[in-house]
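Contents: one structure, followed by commentary.
The shown structure was predicted, so the numbers you read here are calculated from the model rather than taken from an experiment.
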Amino acid sequence: MIAPIVARPHPFDALPHDLACLVQEIQAKVQAPHALVAMSVLSAISLSCQGLVDVRLPSGQLRPVAVNFMGIGETGERKSGVDGIVSAPIYARDEARAAKYNHDLDQYMCDVRVWRAKGQVLQSKLKKAVHQEEPTDEMERQLEAHEKKKPLKPRLRQFIRQDISERALIDVLEGDCESIALTTDEGEAVLKATLIKVHR
């Protein structure tokens with residue numbers, strides 16, 4: 001006969017006092033398992049600072065503060081409710097960034113149309129000068145300067161991501177100090193994803 005697995009209580013003594021109080025307060029409000037609340041809180045803290053700080057171990061090695069969590073829970077254990085409370089500022093920031101991105105994208109499309117129209121005018125002048133065998137040095141300089149003014153396409157920068165394809169991961173992390181949280185309701189999707197290959 002196989003003995004049932006008994007979950008051990010969450011080690012609150014390992015958390016700083018204020019953090020332990022926060023976990024207990026959220027747990028009392030949402031009625032979710034303590035370990036689930038602690039996981040959500042630690043994940044949000046890690047996400048908030050992983051792009052800003054590293055930790056130097058006693059051995060002298062420098063390590064990121066990024067963490068990996070996997071929670072196994074039954075339906076109705078209020079994980080979404082906990083995340084909604086703990087990560088509310090992060091979701092709000094992501095929504096604000098998405099709104100700004102949409103605005104910037106509209107402006108980018110207008111800027112590109114204007115840039116292309118100006119380029120066509122310069123090219124027409126250059127072709128005319130070549131056809132009439134006139135000097136083109138000045139027009140070539142203008143075209144070169146015009147190319148350098150090509151509008152830059154805005155990028156959507158958000159903390160929380162659910163697209164775990166290799167291409168998407170590379171795109172969102174391109175740049176300095178970019179930081180994301182990769183979340184999914186299906187653990188198997190993470191384990192089979194090309195994310196593992198990228199990490200290695």
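Other residues sharing a hydrophobic cluster with Val114 under the 4.5 Å side-chain heavy-atom criterion for ILVMFWY residues do not exist; the residue is a singleton. The other residues sharing a hydrophobic cluster with Val130 are Leu122, Leu126, Met139, Leu143, where clustering joins ILVMFWY side chains under 4.5 Å apart.
A salt bridge does not link Glu144 with Arg141: none of the charged nitrogens is closer than 4.0 Å to a carboxylate oxygen.
One hydrophobic cluster holds both Ile85 and Ile45 under the rule that ILVMFWY side chains link at heavy-atom gaps under 4.5 Å. A continuous path of hydrophobic side-chain contacts links Leu15 to Val86 [ILVMFWY only; heavy atoms under 4.5 Å].
With rounding to the nearest 0.5 Å, the separation of NZ in Lys150 from NZ in Lys148 is 15.0 Å. Note: Phe69 CZ to Ser40 OG = 9.5 Å, rounded to the nearest 0.5 Å. Atom CD of residue Gln120 and atom NZ of residue Lys127 lie 9.5 Å apart, to the nearest 0.5 angstrom. Taking CD1 from Ile160 and CD1 from Ile90, the interatomic distance works out to 5.5 Å, rounded to the nearest 0.5 Å.
Glu95 meets the salt bridge (charged side-chain N to carboxylate O under 4.0 Å, His left out) test with no other residue; sequence neighbours excluded. With sequence neighbours excluded, the residues forming a side chain to side chain contact (heavy atoms under 4.5 Å, CB included) with Leu22 are Leu19, Ile26, Val41, listed by chain and number. Considering only residues two or more places apart in sequence or on other chains, Leu156 meets the side chain to side chain contact (heavy atoms under 4.5 Å, CB included) condition with Ala98, Tyr101, Gln158, Arg161. Partners of Asp54 according to the salt bridge (charged side-chain N to carboxylate O under 4.0 Å, His left out) rule, which considers only residues two or more places apart in sequence or in another chain, do not exist here. In this structure, the side chain to side chain donor-acceptor pair (under 3.5 Å) partners of Ser59, at least two apart in sequence or on a different chain, are Gln61. By the salt bridge (charged side-chain N to carboxylate O under 4.0 Å, His left out) test, Arg56 is found to be paired with no residue, residues two or more places apart in sequence or in another chain being considered. Considering only residues two or more places apart in sequence or on other chains, Gln132 meets the side chain to side chain contact (heavy atoms under 4.5 Å, CB included) condition with Lys128, Glu134. Residues satisfying the side chain to side chain contact (heavy atoms under 4.5 Å, CB included) test with Ala32, not counting sequence neighbours, are Val30, Leu36, Val37, Arg78, Val82. In terms of the salt bridge (charged side-chain N to carboxylate O under 4.0 Å, His left out) criterion, residue partners of Asp83 (sequence neighbours excluded) are, by chain and number, Lys79.
Judged by distance alone, with hydrogens and angles left aside, the side-chain atoms of Ser87 form no donor-acceptor pair with the main-chain N or O of Ala44 at under 3.5 Å. The closest donor-acceptor contact from the side chain of Arg63 to the backbone of Val55 lies at 3.5 Å or more, if one exists at all.
Within a 6.0 Å radius of CG in Leu62, more than 12 heavy atoms belonging to other residues, nucleotides or ligands are found. The local environment of CD in Gln31 is crowded, with over 12 non-hydrogen atoms from other residues, nucleotides or ligands closer than 6.0 Å. Other residues, nucleotides and ligands contribute more than 12 heavy atoms inside 6.0 Å of the CG atom of Asp137.
Residue pairs meeting the side-chain hydrogen bond (donor to acceptor under 3.5 Å, both in side chains) criterion with at least one partner in residues 102-117, sequence neighbours excluded, are Lys100-Asp104, Gln107-Asp111, Trp115-His146.
Shortest non-hydrogen contact noted between Pro135 and Ala129 is O-CB, 4.3 Å. In plain terms, the two heavy atoms of Leu42 and Val67 that are nearest each other are O-CG2, 4.5 Å.
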Verdict with supporting geometry, Leu105 and Lys153, side chain to side chain contact (heavy atoms under 4.5 Å, CB included): CA-CA 7 Å; Leu105 189 60; Lys153 187 175 182 179; 4.2 Å; yes
